[in-house]
Every structure is written in C-alpha cells, then in structure tokens.
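Each residue takes its place number in the sequence, starting with 1.
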Amino acid sequence: AAQIAFAIGAYYADKEDWGNARKHLSGSMGKIDKNATIDVQLQAHAMLGRTYEKLNNRTQARTEYDKVRNSWKDPAAIVNRVQELAKTNLEGEAQVSRRIGKMLEAVGEATFFFAEEKKIAVDKIAFPEYKGSGEKKDVEEFVNKKVADWQKKKRSAIESADKEYQKIVRLEPVPPPRW
C-alpha cells in the first residue's frame, strides 16, 4: 500500500501536477514512512521536497529534503539494508543497483537543494553603491572599506556554497551523475 501511495504521488509529479502530487504524497507520507522500504522513503521525501519547491514553499521543501539528508548519515548501513532486503525478496543484482541508484538520486537532489540555498545567500550580497564626490580620496576610501568588506563577505559565502556542492561529489557509495 505504501509503494502504491508513492506511485500515485510520483505519477502526478511526473506530470508536473504539483498540487495533486502534494496532496497524495503528503497525505500518504505517514504510511510510506511506516511501511515502505528505505529506498522508497528517501525517494518519497525528495519528491515531496521537489513538489513543495515547485509550489514555492521552500520552508516545507527544506523540511522534506532535510529528512532525506538526515536519513543518509550512514550510507553503508542503508545500502546494506537494501541489499539484505533484495536477498530476502530474491531480487537480482540489477534491481539492487537500481534501488541504490534511486536512493542516491534522492540524496543528491536534497544535497543540491541545500547548496542552492547557499547560492541564493551569495546572490543576495549586493555590491555596495558608491555615493561620493568622485574625488580620488573618496573613491579609494570606498574601495578600501566598503568594497573590501563586500569582497570578504562574498568570498566567505561563495566558499560556504562550494562546500555544499562538494558534498554531492563525495556522496557514498558513488555520487549521482545527475546532480
């Protein structure tokens, strides 16, 4: 039932019917969290995060993506759980790889969301506006104080965003190619 609930939400998300995707995913998330496998749980939260993002609700998107990111604290244990589940269900190696790949896509998407939030913060740091006489002394003072301060803030924010993007490349067992 949990996988069917996820499939219905995924259907609407694939059609970019974000209202119905939100309705079906958010209404089924308790069932999905309780009964679905970890790979489906991660995909569902990432999909609901994307849905909220498309509906311009970054706060709810952040909550869902954070659930994905927090679930991926021990990647080896999660991959092990999926492999053990696959053995129990007599799934082949290709199916296991597919499940792991979909999980990595979900985690990559969540990580990318948080990196993009850092980029938004970078973009908000505006270059200071010069309001002076235009004389050399005024311009030098502006550059040495306001521009230098802007440069330090901007550089720090860019480095912070870069660290978030680098987390995608360092995802284990392998980084998702899409992200």
Side-chain angles (χ1 to χ4, degrees), residues 1-86 88-89 91 94-124 160-179:
Q3 284 187 288
I4 291 170
F6 169 68
I8 292 169
Y11 169 81
Y12 287 114
D14 288 345
K15 300 287 184 200
E16 297 184 6
D17 182 348
W18 304 116
N20 275 320
R22 182 203 49 80
K23 177 180 157 188
H24 287 279
L25 286 169
S26 63
S28 302
M29 202 53 74
K31 188 184 309 180
I32 291 169
D33 283 339
K34 186 177 179 183
N35 300 314
T37 57
I38 186 68
D39 57 314
V40 172
Q41 290 173 24
L42 291 172
Q43 291 173 68
H45 283 289
M47 189 174 294
L48 186 54
R50 182 179 337 121
T51 299
Y52 282 128
E53 187 177 6
K54 297 293 185 179
L55 293 171
N56 294 317
N57 188 339
R58 291 191 71 80
T59 303
Q60 287 295 110
R62 189 176 305 111
T63 299
E64 294 304 319
Y65 283 132
D66 210 30
K67 289 175 184 177
V68 174
R69 193 170 59 166
N70 289 335
S71 295
W72 197 253
K73 296 286 186 201
D74 188 358
I78 293 173
V79 168
N80 238 2
R81 279 174 52 191
V82 170
Q83 289 171 333
E84 290 302 315
L85 178 69
T88 304
N89 295 340
E91 294 177 2
Q95 183 66 21
V96 172
S97 294
R98 186 170 182 253
R99 283 177 180 250
I100 292 169
K102 286 185 174 202
M103 285 191 309
L104 285 165
E105 283 289 321
V107 175
E109 180 178 353
T111 307
F112 185 80
F113 173 84
F114 288 104
E116 287 290 291
E117 286 208 320
K118 295 278 186 171
K119 181 187 173 295
I120 290 168
V122 168
D123 293 342
K124 287 182 179 177
S160 178
D162 182 58
K163 286 179 185 176
E164 288 298 311
Y165 285 114
Q166 291 298 322
K167 288 178 182 179
I168 299 168
V169 176
R170 291 191 304 268
L171 282 175
E172 294 291 332
V174 294
R178 177 177 178 198
W179 299 105

Legend entry - Nearest-0.5 Å distance that lies between atom CD1 in Ile100 and atom CD in Gln95: 10.5 Å
Inset, instruction - Just jot down the side-chain hydrogen bond (donor to acceptor under 3.5 Å, both in side chains) partners of Asn20, sequence neighbours excluded, or say none. - result: Asp17
Legend entry - Non-hydrogen atoms of Ala46 and Val68 that approach each other most closely: N-CG2, 3.5 Å
Inset, instruction - Write down the atom of Tyr65, the atom of Ala110, and the distance for their closest heavy-atom approach. - result: CD2-CA, 3.4 Å
Inset, instruction - Locate the shortest heavy-atom distance separating Leu42 from Ala106; write the atom from each residue and the value. - result: O-CB, 3.6 Å
Legend entry - Test salt bridge (charged side-chain N to carboxylate O under 4.0 Å, His left out) applied to Arg58 - qualifying residues, sequence neighbours left out: Glu53, Glu117
Inset, instruction - Might you work through the side chain to side chain contact (heavy atoms under 4.5 Å, CB included) test for Val96 and Arg99, ending with a clear yes or no? - result: CA-CA 5 Å; Val96 172; Arg99 283 177 180 250; 5.8 Å; no
Legend entry - With Glu116 via side-chain hydrogen bond (donor to acceptor under 3.5 Å, both in side chains) - residues at least two apart: Tyr165
Inset, instruction - Enter the distance from Ile38:CD1 to Asn80:CG here, rounded to the nearest 0.5 Å. - result: 13.0 Å
Inset, instruction - Could you list the residues that satisfy side-chain hydrogen bond (donor to acceptor under 3.5 Å, both in side chains) with Glu64, not counting sequence neighbours? - result: His45
Legend entry - Spacing of CZ belonging to Phe114 relative to CG belonging to Asp66, to within rounding of 0.5 Å: 4.5 Å
Legend entry - Leu55 atom CG: more than 12 heavy-atom contacts under 6.0 Å: yes
Inset, instruction - Applying side-chain hydrogen bond (donor to acceptor under 3.5 Å, both in side chains), name anything that partners Trp72, two or more places apart in sequence or on another chain. - result: none
Inset, instruction - Calculate, to the nearest 0.5 Å, the distance between atoms OG1 and CD belonging to Thr111 and Glu109 respectively. - result: 10.0 Å
Inset, instruction - Using the side chain to side chain contact (heavy atoms under 4.5 Å, CB included) rule, take Ile78 and Asp74 through it: C-alpha gap first, then chi angles, then the decisive distance, then the call. - result: CA-CA 7 Å; Ile78 293 173; Asp74 188 358; 5.7 Å; no
Legend entry - Interatomic spacing from CG in Asn35 to OG in Ser28 - rounded to 0.5 Å: 11.0 Å
Inset, instruction - For residues Pro173 and Leu104, determine if any side-chain heavy atom of one lies less than 4.5 Å from a side-chain heavy atom of the other. - result: yes
Legend entry - Side chain proximity check, Arg69 to Phe113, heavy atoms < 4.5 angstrom: no
Inset, instruction - Test Glu105 against Lys102 for salt bridge (Lys or Arg N to Asp or Glu O under 4.0 Å), laying out the working first. - result: CA-CA 5 Å; Glu105 283 289 321; Lys102 286 185 174 202; over 6 Å; no
Inset, instruction - Just do the side chain to side chain contact (heavy atoms under 4.5 Å, CB included) check on Val82 and Thr37 with the steps written out, would you? - result: CA-CA 8 Å; Val82 170; Thr37 57; over 6 Å; no
Legend entry - Under the ring-ring contact (aromatic ring centres under 6.0 Å, His included) test, residues paired with Tyr12 that sit two or more places apart: His24
Legend entry - Exercise: identify the closest heavy-atom pair between Ile32 and Ala2: CG1-O, 3.6 Å
Inset, instruction - Could you walk me through whether Glu16 and Lys54 pass the side chain to side chain contact (heavy atoms under 4.5 Å, CB included) test, one step at a time? - result: CA-CA 9 Å; Glu16 297 184 6; Lys54 297 293 185 179; over 6 Å; no
Inset, instruction - Flag the pair Arg81 and Glu84 as a salt bridge only when some basic side-chain nitrogen lies within less than 4.0 angstrom of an acidic carboxylate oxygen. - result: no
Legend entry - Nearest-0.5 Å distance that lies between atom NZ in Lys34 and atom CD in Gln41: 12.5 Å
Inset, instruction - Taking the side chain as every heavy atom from C-beta outward, state whether Val107 and Pro176 have any pair of such atoms under 4.5 Å apart. - result: no
